[in-house]
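Taking it in order: structure first as structure tokens, then the write-up.
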Amino acid sequence: MCGILAVLGCVDNSQAKRSRIIELSRRLRHRGPDWSGLHCHEDCYLAHQRLAIIDPTSGDQPLYNEDKTVILTVNGEIYNHKQLRQNLSSHQFRTGSDCEVITHLYEEHGEDFIDMLDGMFSFVLLDTRDKSFIAARDAIGITPLYLGWGLDGSIWFASEMKALSDDCERFISFPPGHIYSSKHGGLRRWYNPPWFSEQIPSSPYDPMILRETFEKAVVKRLMTDVPFGVLLSGGLDSSLVAAVANRYLADSAIAQQWGSQLHTFCIGLKGSPDLKAAKEVADYLGTRHHELHFTVQEGIDALEEVIYHIETYDVTTIRASTPMFLMSRKIKSLGVKMVLSGEGSDEIFGGYLYFHKAPNKEEFHEETCRKIKALHLYDCLRANKSTSAWGIEARVPFLDKEFINTAMSMDPEWKMIRSDLGRIEKWVLRNAFDDEKNPYLPKHILYRQKEQFSDGVGYSWIDGLKEHANNQVTDGMLMHANYIYPENTPTTKEAYHYRTIFEKFFPKNAARSTVPGGPSVACSTAKAVEWDAAWSKNPDPSGRAALGVHEAAYEDTVNTELVEPKNGSL
């Protein structure tokens, strides 16, 4: 992942302003430690901090068209860039960067090319011929982007909030699947798939099509010129990513450069469920597995740094981001710059345990749509920023556009949890990869129950966080929380503690408004809490909160306190 910063329409274009842009761009250097770039055109600045994954030697940014009248700063990967280049043969390419196609697509199609891109991306493009510009974010919001407005009339775009929060009077999270056009005067949606309307689909379930589409999603993400690995928790999603990558790695171009043995990584407290399951999967697949450990105290010591990097006070996101942040640091020390990860599957297939209580297929499907639409505020934010904090790029095959369209066009009746038919959560995905002749995974792994990452790294992790928060926040502080934090008021000491850390780094109203609220149980949306009356008494973001569903569910007498009501998803 790279870091981008663009400031357009500044009143001040002095050397002092240029120095200020450079200073702010440096706040993103953790995202792109390999090179820094800056282009100034009159009152417009496009800055870039590069993490070199494709064409490390010549793909520095900003990128340009042939006569340098179109300037581009971009964060992301365009997986179909080679196919797109074939249709741009009349253009001269300066680099081997996958992102350079964006400048030439703009020349050919104006602003109507975004849906041609297959990948994850956030970019700002300046056309100096008329001083117009566009900014866009990928369909789901895998890559982060913020939009801000300065008092001088300038418009700002940045990969992270910390690069614009001091200089903008107001800023928001740039909505996924949207384009900002200076010519048209604002935001409009470019991504309009059939599922977005939340109408109930009726296509039959075809396990082979589902399997083949996911395999294609994984294989296209093996596009890299640097060492890579897979984040392997031992659960279904990460195990399938690892299994497919392992199966196709030997025949890929990357194997010729970096070898055909897949590297896998897992982190947890010693003795945690994830470590045991991940080792079993790694042994089965024959990967070079790296088992990483952390202690509860090490996680607690990292909290301030984690919140600074992930830019949220959402309880569930912080719980899961901390071990991922610590793991990323160790992965980077091994020379790895890109990883595949399993985010997105639970939103698409209703994998969270609370989906057991979905009353019918209509509400089941509508909840999956809501979850996918909110991914950029939770799992995508966590996966991207926790890894980018150490200069690592995370790619997520389950959020491939084609795969999402395939999975979301299926009649949701097939996704429903039906114990009478032997269907547990995500049965359609498990069944698609249940190959007796050429198994992808052992049966008991393929049908392992869902563990949220913050639970799977070790149950004592969450308990330790709560105990730490209880020592930091008094009863009186929590009692008056609604006066101190009237917006998204924290309802537990853990949530209060995280909020105080967040406000120290990001004190503006606009910053706290980038984090949504609402009641949640086991990562549900606020609407799904209505599925079970008992949940309103114990809305806990942890998967164990799904009483009577998770095998390690809390007892009714345990953990009855209200946990921060957020729509965090893991």
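For the 3.5 Å distance criterion, the side chains of Glu425 and His356 qualify, holding a donor opposite an acceptor. Side-chain polar atoms of Glu363 and Trp531 form a donor-acceptor pair below 3.5 angstrom. A side-chain donor from one of Ser25 and Gln49 sits under 3.5 Å from a side-chain acceptor of the other. For the 3.5 Å distance criterion, the side chains of Glu494 and Tyr498 qualify, holding a donor opposite an acceptor.
Between Phe123 and Phe121, the angle of the ring planes lies from 30° to 60°, which puts this pair in the tilted group. The aromatic rings of His290 and Phe265 lie parallel to each other, their planes meeting at an angle below 30°, with 60° marking the opposite boundary. In this pair, Tyr180 and Phe157 present their aromatic rings perpendicular. The plane angle is above 60°, beyond the 30 to 60° band. Ring pair Tyr483/His480 is tilted by interplanar angle, where 30° to 60° counts as tilted.
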| query | So Lys426 and Asp237, salt bridge (Lys or Arg N to Asp or Glu O under 4.0 Å) or not? Walk me through it. | reply | CA-CA 10 Å; Lys426 293 187 286 192; Asp237 306 329; 2.9 Å; yes

| request: Under the salt bridge (Lys or Arg N to Asp or Glu O under 4.0 Å) rule, what do Lys401 and Asp138 come out as? Steps first, then yes or no, please. | output: CA-CA 10 Å; Lys401 277 199 302 182; Asp138 64 65; over 6 Å; no

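Annotation: side chain of His293 is not in contact with side chain of Ile267 (no heavy-atom distance under 4.5 Å). Looking at Glu367 and Glu347, their side chains never come closer than 4.5 Å, going by heavy atoms from C-beta outward. Residues Tyr352 and Lys371 have side chains in contact (heavy-atom distance under 4.5 Å, counting atoms from C-beta outward). Side-chain contact check for Leu187 versus Leu147: some heavy-atom pair is nearer than 4.5 Å. Looking at heavy atoms from C-beta onward, Asp346 lies out of side-chain contact with Phe398 at the 4.5 angstrom threshold.
Although no hydrogens or angles enter the test, the distance criterion places no donor-acceptor pair under 3.5 Å between the side chain of Asp274 and the main chain of Gly234. Listed for the Ser328 side chain is no donor-acceptor partner under 3.5 Å among the backbone atoms of Trp390.
Atom CD of Gln472 sits in a crowded spot, with more than 12 heavy atoms from other residues, nucleotides or ligands closer than 6.0 Å.
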